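These numbers were taken from a predicted model, which means no experiment stands behind them.
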Amino acid sequence: RRTRRLESVAELARGVAHDFHNMLGVVHGNARLLAHDLGGQREAERRLERFVCFGRRATELAEQLELYAGGVDPIAASVDLNELVRDTAAGLDPEPGAQVALRLELCRSDLCVFGDATQLGQAILNLLVNAREALQDRGGVIRVSTGTAEVDPATCRGLVLGSERPPGVYGFVLVTDDGPGIDRETQERIFEPFVSSKGKHHGIGLSTVLGIARAHHALLQLESIPGRGTTFGIYLGVAS
């Protein structure tokens with residue numbers, strides 16, 4: 001039931017994102033032409049700059065919706081998962097005033113998976129941001145671990161996506177926080193756009209993770225116990 005619901009939401013998001021993207025292209029084009037025609041009218045140029053800035057944000061939202069809906073095909077290559085995690089974690093902006101520690105527990109050996117480095121980096125970043133937000137009221141620790149594991153998707157606990165994939169060795173990245181956890185009812189809807197464990201509309205970060213995992217034919221795992229934290233896991237095919 002959850003899979004069918006997510007697929008129907010993704011189909012809707014794909015159509016909205018495509019049309020929205022086309023309309024924004026017309027808006028941006030005309031804004032640039034208007035800025036050229038104004039030529040030195042400071043107040044009008046200032047207003048146009050804000051117009052273009054928010055238009056750019058809207059375009060980024062449309063692009064994330066396309067990622068969620070599977071409208072952007074990954075450019076697959078061999079990706080060093082340890083290096084990708086390090087680079088992504090280094091780019092995470094600290095939350096002002098939050099007592100949140102980030103710990104990397106990466107496997108010692110080389111770990112290369114098959115995927116799109118840009119999209120996978122976005123997925124990892126979204127999981128880090130989600131974990132940080134879960135800890136913003138109380139502080140805590142975010143742990144990011146990588147490694148390989150023999151997995152049978154048909155029996156894997158907490159699997160949200162990929163149960164039809166074959167058993168085998170997968171490279172994984174796990175993002176764990178020791179925050180308040182997610183109740184069962186919210187877990188059923190957490191990957192839908194604009195659903196948050198805090199009970200309010202919050203964006204499409206986890207929806208984008210789902211879309212990227214789907215595009216990579218990856219396994220996506222969620223395990224959470226209220227009061228004892230949350231773990232999100234992405235399992236990918238190991239590059240030979």
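Qualifying side-chain contact (heavy atoms from CB on, under 4.5 Å) partners for A76, counting only residues two or more places apart in sequence or in other chains: F114. Checked against side-chain hydrogen bond (donor to acceptor under 3.5 Å, both in side chains), N82 has the following partners two or more places apart in sequence or in another chain: T146. With sequence neighbours left out, the side-chain contact (heavy atoms from CB on, under 4.5 Å) criterion links V79 to L84, V113, A117. When the side-chain contact (heavy atoms from CB on, under 4.5 Å) test is applied to A101, the partners found at least two apart in sequence or on another chain are V141.
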Show me the donor-acceptor pairs, under 3.5 Å and distance only, between side chains in residues 228-235 and residues at least two apart or in other chains.
| residue | atom | partner | partner atom | Å |
| --- | --- | --- | --- | --- |
| T230 | OG1 | S224 | OG | 2.7 |
| T231 | OG1 | T176 | OG1 | 2.8 |
| Y235 | OH | Q221 | OE1 | 3.1 |

Show me the donor-acceptor pairs within less than 3.5 Å that the side chains of residues 154-169 make with the rest of the protein, sequence neighbours left out.
| residue | atom | partner | partner atom | Å |
| --- | --- | --- | --- | --- |
| T155 | OG1 | D152 | O | 3.3 |
| R157 | NE | E223 | OE2 | 2.6 |
| R157 | NH2 | E223 | OE2 | 3.3 |
| R165 | NE | H217 | O | 3.2 |

Go through the steps for L135 and D178 under the test side-chain contact (heavy atoms from CB on, under 4.5 Å), then give the verdict. CA-CA 8 Å; L135 298 173; D178 56 1; 3.5 Å; yes
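Across all non-hydrogen atoms, the minimal contact from P74 to A215 is CG-O, 3.7 Å. Minimum interatomic distance between L236 and A218 (heavy atoms only, all atoms of both residues): CD2-CB, 3.7 Å. Here the shortest heavy-atom pairing between L92 and R132 reads CD1-NH1, 3.8 Å. Between I142 and V100, the shortest heavy-atom distance links the atoms CD1-CG1, 3.7 Å. The minimum heavy-atom distance linking L220 with A213 is given by the pair CB-CB, 4.2 Å. Contact record, T88 with G121: CG2-O, 3.6 Å, taken as the closest heavy-atom pair.
No continuous path of ILVMFWY side-chain contacts below 4.5 Å connects V238 to F172, so the two sit in separate hydrophobic clusters. Under a hydrophobic-cluster definition in which Ile, Leu, Val, Met, Phe, Trp and Tyr are linked whenever side-chain heavy atoms come within less than 4.5 Å, directly or via other members, L104 and L120 are assigned to the same cluster.
Atom-to-atom distance recorded for Q119:CD and I124:CD1 is 12.0 Å, nearest 0.5 angstrom. Here L206 contributes atom CG and L222 contributes atom CG; the two are 8.5 Å apart, rounded to the nearest 0.5 Å. For the atom pair CD (E188) and CD1 (I182), the distance works out to 12.0 Å, reported to the nearest 0.5 Å. One finds the CD1 atom of I225 at 9.5 Å from the CZ atom of R184 (value rounded to the nearest 0.5 Å).
Residue pairs meeting the ring pair (Phe, Tyr, Trp, His ring centres under 6.0 Å) criterion with at least one member in residues 146-166: none, sequence neighbours excluded. Applying the salt bridge (charged side-chain N to carboxylate O under 4.0 Å, His left out) test to pairs two or more places apart or on separate chains, none has a residue in residues 78-92. Pairs passing the salt bridge (charged side-chain N to carboxylate O under 4.0 Å, His left out) check and including a residue from residues 140-151, sequence neighbours excluded, read E105-R143.
Proximity of a side-chain donor or acceptor of S207 to a complementary backbone N or O of F191 within less than 3.5 Å is detected.
Counting heavy atoms from C-beta outward, L102 and L128 have side chains that approach closer than 4.5 Å.
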